[in-house]
Amino acid sequence: MKFLRFTVKNETKQGVIKGDEIQEITGDIFNEWDYTGEVYSENEIGWLAPLESNHIIGIGANYVAESDDLPEQGPDMPVFFFKPNSSVIGPAADIKIPQAIEEVKFESELAVVIGKEANGINEEEVLDHVFGYTIGNDVTAPQYFHENGHWTLGKSFDTFTPLGPVIETEFNPHGAVIKAFHNEKEKQNSPANLMIVTIERMISYLSHIMTLQPGDVILTGSPVGAEFLKEKDQIECRIDGIGSLRNSVIKAKQPTKV
């Protein structure tokens, strides 16, 4: 089932896609919800990120180029980072490059949406705690990486986390192929089995550090091929079975001095 959030006449709604229709729903998608009876077509709505995320957690350097490059054992302590909710935008919204930066990197990723509280779970339990999957673009400004290796600032600017277009609950993450098209040219195309740290391991590991809650989004890493975006570029992140996440790139307006 494909869940989405959208606007109609400036009113925020949530729904599910059935065929060519968008059927409005009400309630908590992680617990109880129901249909309202209202139905819309795609040309009547404005797309939003498919959820109001709780936390956004990313993993770094998680793909190899070829299966032969996969290590026998992943890192004892994977590299994780947080992204703020203020960085989230939806499909068709603009990625805004700050004035002090000329270019930012795109990073197309499979994003996991947690649906049930997870604390200290083992790898075999992980998928029971997953609600569904969406697409993320982990936009990054490397010049804001701290010299000691901290990544958070470079990933935290407003608009730096496009998510969407939907949360797909009936999806096999192990068969996912993550793609990116920069100005319509394919730049990323990798199967999920090139992940160094698997989805099961990363979520189990995190659950032993922190309690994961419904609405948490886990960005599972970006395949090789990520490049820089500049003003007026177009970026499309695509995963068959979920959809396409398309965004344009603009330059942010100069902030007012206080």
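Computation of the quantities below employed the complete heavy-atom set of this structure, encompassing side-chain atoms and omitting hydrogens, waters and symmetry-equivalent molecules.
Residue pairs meeting the salt bridge (charged side-chain N to carboxylate O under 4.0 Å, His left out) criterion with at least one partner in residues 77-97, sequence neighbours excluded, are Lys83-Asp138. Within the structure, the ring pair (Phe, Tyr, Trp, His ring centres under 6.0 Å) test picks out the following pairs touching residues 7-30 (sequence neighbours left out): Phe30-Phe131. Every pair passing salt bridge (charged side-chain N to carboxylate O under 4.0 Å, His left out) that includes a residue from residues 2-21 is listed here, sequence neighbours excluded: Lys2-Glu168, Glu11-Lys13, Lys13-Glu24.
Residues Ile235 and Val104 are members of one and the same hydrophobic cluster, defined by side-chain heavy-atom contacts under 4.5 angstrom among Ile, Leu, Val, Met, Phe, Trp and Tyr. If you chain together hydrophobic residues whose side chains sit under 4.5 Å apart, Phe82 and Leu163 never meet in one group. Each of Val139 and Phe80 belongs to its own hydrophobic cluster when Ile, Leu, Val, Met, Phe, Trp and Tyr are linked at side-chain heavy-atom distances under 4.5 angstrom. Ile167 and Ile218 fall into different hydrophobic clusters, defined by Ile, Leu, Val, Met, Phe, Trp and Tyr side-chain heavy atoms under 4.5 Å apart, directly or through other members. When the side chains of ILVMFWY residues are joined at heavy-atom separations under 4.5 Å, either directly or via intervening members, Tyr35 and Ile29 end up in a single hydrophobic cluster.
Annotation for Ala49 and Val88: closest pair CB-CG1, 3.7 Å, computed over non-hydrogen atoms. The minimum heavy-atom distance between Pro50 and Thr134, with the atom names listed, is CG-OG1, 3.8 Å. The two residues Ile135 and Cys237 come nearest to each other via the heavy atoms CG2-CB, 3.7 Å. Nearest heavy-atom pair, Val197 versus Ile59, reported as atom, atom and distance to 0.1 Å: CB-CD1, 3.9 Å. The heavy-atom pair separating Leu4 from Ile45 by the smallest distance is CD1-CD1, 4.0 Å. Among all heavy-atom pairs drawn from Pro214 and Gly115, the shortest one is CG-O, 3.5 Å.
In this structure, Pro173 and Val112 have side chains that are not in contact, with every pair of non-hydrogen atoms separated by 4.5 Å or more. Side-chain contact between Leu110 and Ile239: present, with at least one pair of heavy atoms (C-beta onward) separated by less than 4.5 Å. No side-chain heavy atom of Ser87 sits under 4.5 Å from any side-chain heavy atom of Ser156. In this structure the side chain of Val166 reaches within 4.5 angstrom of the side chain of Ile242, judged on heavy atoms. Looking at Glu102 and Lys251, their side chains come closer than 4.5 Å, going by heavy atoms from C-beta outward. Inter-residue side-chain proximity for Pro162 and Ile95 is flagged as met; some heavy-atom pair is nearer than 4.5 Å. With a 4.5 Å cut-off on side-chain heavy atoms, Ile25 and Phe3 count as touching.
To the nearest 0.5 Å, the span separating CG on Asp158 from OG1 on Thr161 amounts to 9.5 Å. Within the model, atoms OG1 of Thr140 and CZ of Phe106 stand 11.0 Å from one another, a figure rounded to the nearest 0.5 Å. We find the OH-CD distance between Tyr63 and Glu107 to be 11.5 Å, quoted to the nearest 0.5 Å. One finds the CG atom of Asn137 at 8.0 Å from the CD1 atom of Ile89 (value rounded to the nearest 0.5 Å). Taking OG of Ser222 as the reference point, atom CD of Glu109 lies at 5.0 Å (rounded to 0.5 Å). Note that the CD atom of Gln143 and the CG atom of Leu153 stand 11.5 Å from one another [nearest 0.5 Å].
Ring geometry, Phe160 versus Phe157: the interplanar angle falls from 30° to 60°, so the pair is classed tilted.
The ring pair (Phe, Tyr, Trp, His ring centres under 6.0 Å) test applied to Phe228 returns no partner, not counting sequence neighbours. Partners of Ala65 under the side-chain contact (heavy atoms from CB on, under 4.5 Å) rule, at least two apart in sequence or in another chain, are Asp69, Val224. Take Asn247 and apply the side-chain hydrogen bond (donor to acceptor under 3.5 Å, both in side chains) test, not counting sequence neighbours, and it matches no residue. In terms of the side-chain contact (heavy atoms from CB on, under 4.5 Å) criterion, residue partners of Asn122 (sequence neighbours excluded) are, by chain and number, Glu124, Glu125. Scanning for ring pair (Phe, Tyr, Trp, His ring centres under 6.0 Å) contacts around Tyr40 gives Phe6, with sequence neighbours left out. In this structure His129 satisfies the side-chain hydrogen bond (donor to acceptor under 3.5 Å, both in side chains) test with no other residue, sequence neighbours excluded.
A cation-pi contact, defined as under 6.0 Å to the ring centre and within 45° of the axis, links Lys155 to Phe81.
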Report all side-chain donor-acceptor pairs from residues 199-210 shorter than 3.5 Å, counting only partners two or more places apart or in another chain.
residue : atom : partner : partner atom : Å
Glu200  : OE1  : His174  : NE2          : 3.4
Glu200  : OE2  : His174  : NE2          : 2.7
Arg201  : NH1  : Pro75   : O            : 2.8
Arg201  : NH2  : Pro75   : O            : 2.8
Arg201  : NH2  : Asp76   : O            : 3.4
Ser204  : OG   : Ile121  : O            : 2.7
Ser207  : OG   : Gly120  : N            : 3.4
Ser207  : OG   : Ile121  : N            : 3.0
Ser207  : OG   : Ser204  : O            : 2.8
His208  : ND1  : Ser204  : O            : 2.8

Listing, residues 176-185 side-chain donor-acceptor contacts under 3.5 Å, not counting sequence neighbours, or none:
residue : atom : partner : partner atom : Å
His182  : NE2  : Asp233  : OD2          : 2.8
Asn183  : OD1  : Gln234  : N            : 2.8
Asn183  : ND2  : Asp233  : OD1          : 3.2

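Of the possible donor and acceptor atoms, none in the side chain of Gln213 sits under 3.5 Å from a partner among the backbone N and O of Asn54. The backbone N or O of Asn85 lies less than 3.5 Å from no partner atom in the side chain of Ser53, so there is not a single donor-acceptor pair. No side-chain donor-acceptor contact under 3.5 Å links Glu103 to the backbone of Lys230.
For CD of Glu52, the number of neighbouring non-hydrogen atoms (other residues, nucleotides, ligands) closer than 6.0 Å is 12 at most. Under a cut-off of 6.0 angstrom, the local environment of CD in Glu231 is crowded, with over 12 non-hydrogen atoms contributed by other residues, nucleotides or ligands. Atom CD of Glu42 sits in a sparse spot, with 12 or fewer heavy atoms from other residues, nucleotides or ligands closer than 6.0 Å.
Grouping Ile, Leu, Val, Met, Phe, Trp and Tyr residues whose side-chain heavy atoms lie under 4.5 Å apart, directly or via other members, leaves Ile250 alone, with no other cluster members.
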